[in-house]
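Single-structure report; data block below.
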Amino acid sequence: MTGPGARWLVRRLGQSALTLVCVVLLSFVLVKAAPGDLVDLLASEGQAANEDEIARLRALFGLDVPAWRQLANYLFSVLRFDLGISFRHGRPVAELVLERLPASLLLMAAAIVIASAIGVAAGVFAARRVRSVWDGLVSALAVLFFATPGFWLSLMLVLVFSVKLGWTPVAGMATIGGPPRGAVGQALDILRHLLLPSVALGLFYAAIYARVMRASMLQVLDLDYMRTARAKGVPGHRLVWRHAFWNAVLPIVTLIGIQFGTVFAGAIVVEAIFSWPGLGTLLVEAVTARNYQLVMGVMILSAIVVMAANLVVDALYAVLDPRVRPG
Amino acid sequence: MNGGAALPRRFLRNRAAALGSLVLLAVVAVALLADVIAPRDPLRMVARPELWPFTDPRFPLGTDALGRDIMAIIVHGARTAIGIGVLAAAISTTVGIAVGAAAGYFRGWIDDLLMRFTEVLQTIPNLVIVLALVAVVGPDIVYVVLAIGLVSWTSVARMVRGEFLALREREFVLACRAAGMGDLRIMLREILPNALPPVIVYASFLVSAAILFEAALAFLGLSDPSIASWGRLIGEGRQTLRTSWFIAAIPGVAIVLTVLALNLVGDGLNDALNPRLRDQ
């Protein structure tokens with residue numbers, strides 16, 4: 001399937017490139033709408049005293065040319081993944097955001113894995129005991145976690161598991177002052193730090209997946225081919241897991257793709273609580289310091305991440321459901 | 001659709017929806033009567049800091065790390081949450097309807113342009129755009145409400161566009177066009193009322209999403225500092241989590257209750273409007 005598959009990929013990449021140009025345009029307009037530019041900000045902080053110095057800095061940052069030229073310059077540099085320089089860090093923005101990306105991706109992936117595992121299991125469990133007390137309990141928990149803000153859940157988890165019980169670390173991604181030796185020790189150390197933030201982020205989505213999985217499962221269990229399988233005498237658990245499960249799980253895959261952007265948004269707040277060294281922590285710092293160049297960089301990278309995730313999910317969907325093979 | 005009385009009856013027979021309505025009514029009542037229940041400025045220091053709840057009858061929910069009455073912040077925070085939720089949802093519903101109606105009714109290049117823009121907006125995580133806006137214009141409550149409203153309309157637009165695409169081909173619309181009725185009048189008076197029910201249901205979720213949004217911003221210290229807010233109190237309570245965890249816990253319970261009530265009402269409305277789906 002290299003033929004149609006490759007054509008599909010090229011078309012999708014083309015669309016993504018166009019969307020990315022629009023994202024850059026949008027972020028540029030947003031920053032241009034700000035009262036005063038970077039040099040004004042520096043001058044107000046006393047980092048540039050006289051007119052000569054200010055003019056020199058404007059030329060240095062490319063702010064001495066008309067806005068449309070600045071936009072063209074910015075677009076071309078983004079194509080080379082040059083996102084400008086963060087004056088406060090004295091380092092390229094691209095370097096700053098890329099070094100934070102893995103931690104964010106790890107947190108999001110862990111949260112999605114936890115959410116899918118809990119949500120799918122709870123949904124199947126409830127669907128097999130539809131209208132029982134257990135079904136009601138799953139629904140009630142789903143409604144509760146769907147209404148719980150991730151940042152508050154994070155604090156309450158920290159309160160119980162870190163402060164009161166002392167089981168998990170309060171913040172960060174690794175033990176300060178020397179994580180355990182060896183690759184396995186370090187991996188386990190990161191996992192220990194990852195547990196609370198990913199659960200806090202994941203439970204909201206687990207609630208959504210549980211509801212969707214339950215409805216989807218009930219729908220599939222009611223289909224003709226399931227009745228046939230039952231009549232054939234296929235045992236219950238095999239009926240559920242082999243025959244119904246893979247068809248019922250497709251809507252969850254779709255949801256993961258659609259909601260990836262909101263998982264990213266949720267991760268920003270959760271990262272800020274656990275001092276997780278990811279893009280969210282960086283963004284909150286950048287917003288507080290009015291570091292526009294860095295805010296734009298995070299915005300563009302987050303759009304790229306969301307587009308990439310959608311691409312992966314669509315490809316995965318095509319593998320799981322042969323009816324939607326790209327062509 | 002059957003008679004007018006059937007819908008409320010079907011809605012209230014759903015016990016979860018009835019309970020949600022009750023809680024929501026209570027929160028709205030507290031929000032409206034905030035000045036009567038807690039007449040003084042909620043952000044003023046009134047007592048010893050970190051006073052535990054249920055120890056002093058004058059401050060039933062205790063005081064925060066600055067000695068401010070938590071009860072008063074919760075009561076005035078209800079006004080903030082409901083106000084921001086309703087305003088932001090109204091903005092996003094209006095923008096979503098306008099964009100979706102124009103795209104679905106006119107089709108062609110207008111549709112392409114508007115849907116492309118919708119897609120771009122959906123590609124950047126909502127919170128990232130709002131944080132960028134706040135960085136640019138500053139954490140004023142007016143801008144916060146506008147920012148939340150202006151990033152949350154994309155689903156409404158898609159929903160309304162779908163309805164308009166389907167309805168514009170129906171006979172009654174063709175009849176209006178044949179009678180020489182103007183586009184705007186057909187869109188507003190003829191098609192929109194038929195496309196509205198799912199949007200109204202969705203609006204209840206938009207209100208709860210906006211409440212959660214503002215709470216998250218305030219928690220990060222990036223919303224308006226001059227206004228009592230549940231999210232802000234949680235953010236401040238984080239500093240004293242070890243000694244006085246109730247400061248962060250209480251406003252969280254208020255958020256969960258309010259959002260839960262709104263979602264139950266939304267679910268109930270949805271079921272009442274689509275009775276066939278109810279037993280799934």
Side-chain angles (χ1 to χ4, degrees), chain A residues 15-16 18-20 22-23 25-27 30-31 33-35 140 143-144 146-153 155-156 158-159 163-164 215 218-219 258 260-269 272-273 280 283-284 286-292 295-296 298-300 302-307 310, chain B residues 16 20 116-117 119-139 151 155 205 208-209 211-213 215-222 230-231 234-235 237-238 241-243 245 248-249 251-253 255-264 267 277 279-280:
Chain A
Q15 284 172 353
S16 303
L18 194 62
T19 308
L20 186 61
C22 297
V23 169
L25 201 73
L26 191 71
S27 67
L30 209 65
V31 170
V143 169
L144 182 66
F146 188 58
T148 308
F151 61 89
W152 185 68
L153 185 60
L155 285 188
M156 295 302 112
V158 166
L159 177 66
V163 175
K164 299 284 178 201
L218 286 178
Q219 209 177 10
I258 295 175
F260 200 84
T262 71
V263 178
F264 196 108
I268 292 172
V269 190
I273 294 167
L283 178 64
V284 172
V287 169
T288 315
R290 296 204 164 195
N291 188 339
Y292 300 139
V295 172
M296 274 166 100
V298 175
M299 202 159 152
I300 290 165
S302 67
I304 295 175
V305 169
V306 169
M307 285 190 290
N310 280 321
Chain B
R116 170 64 58 184
F117 184 62
E119 203 174 296
V120 170
L121 217 54
Q122 278 182 324
T123 305
I124 314 171
N126 274 355
L127 186 62
V128 176
I129 307 180
V130 170
L131 285 178
L133 276 168
V134 168
V136 167
V137 294
V151 297
S155 311
F205 296 109
S208 60
I211 290 176
L212 288 175
F213 220 128
L217 276 181
F219 172 79
L220 293 172
L222 297 170
W230 294 340
I234 298 176
R238 186 183 161 200
L241 196 61
R242 275 168 200 284
T243 48
W245 53 266
V253 173
I255 295 176
V256 172
L257 275 180
T258 309
V259 172
L260 191 66
L262 273 163
N263 290 347
L264 289 178
D267 283 343
L277 294 175
D279 292 327
Q280 275 198 1

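The chains referred to below are lettered A, B, ... by the order of the sequence lines, with proteins before strands, and numbering in each begins at 1.
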Practice item. Measure the spacing between CZ of B:Phe219 and CZ of B:Arg238 and express it to the nearest 0.5 Å. Key: 5.0 Å
Review point. Atom CG in B:Leu127, atom CG in A:Leu283: separation rounded to 0.5 Å?
Key: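 Answer for the CG-CG pair, B:Leu127 versus A:Leu283, is 7.5 Å.
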Is it the backbone or the side chain of [X] that comes under 4.5 Å from a heavy atom of chain B, or both, or neither?
X	result
A:Phe146	both
A:Leu153	neither
A:Met156	side chain

As an exercise: rank [options] by heavy-atom pairs under 4.5 Å with chain B and give me the winner.
options	answer
A:Leu26, A:Val306, A:Thr148, A:Val287	A:Val287
A:Thr262, A:Ile273, A:Leu20	A:Ile273
A:Val295, A:Val269, A:Ile304	A:Val269
A:Leu159, A:Leu30, A:Leu25	A:Leu159

Measuring heavy-atom distances to chain A, does [X] have an atom under 4.5 Å in its side chain, in its backbone, in both, or in neither?
X	result
B:Leu262	neither
B:Leu133	both
B:Leu222	side chain

Which heavy-atom pair separates [X] from [Y] by the least distance, and what is that distance?
X	Y	value
A:Trp152	B:Ala248	NE1-O, 3.0 Å
A:Phe264	A:Ser302	CZ-CB, 3.4 Å
A:Met307	A:Ser16	SD-O, 3.6 Å
B:Leu212	A:Ala147	CD2-O, 4.4 Å

Practice item. Would you mind reporting whether B:Phe205 and B:Asp267 have side-chain heavy atoms less than 4.5 Å apart? Key: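 Side-chain contact under 4.5 Å: yes.
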Just so I understand: if I count every heavy-atom pair under 4.5 Å between each of [options] and chain A, which residue has the most?
options	result
B:Ala261, B:Ala216, B:Pro251, B:Gly237	B:Ala216
B:Pro139, B:Ala135, B:Gly221	B:Ala135
B:Asn126, B:Asn263, B:Val128	B:Val128

Check your understanding: Which residues satisfy the side chain to side chain contact (heavy atoms under 4.5 Å, CB included) test with B:Ala209, sequence neighbours excluded?
Key -> none
**Study point:** By salt bridge (charged side-chain N to carboxylate O under 4.0 Å, His left out) - contacts of B:Arg116 (at least two apart)
**Key:**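 With sequence neighbours excluded, B:Arg116 shows a salt bridge (charged side-chain N to carboxylate O under 4.0 Å, His left out) to B:Glu119, given in chain and number order.
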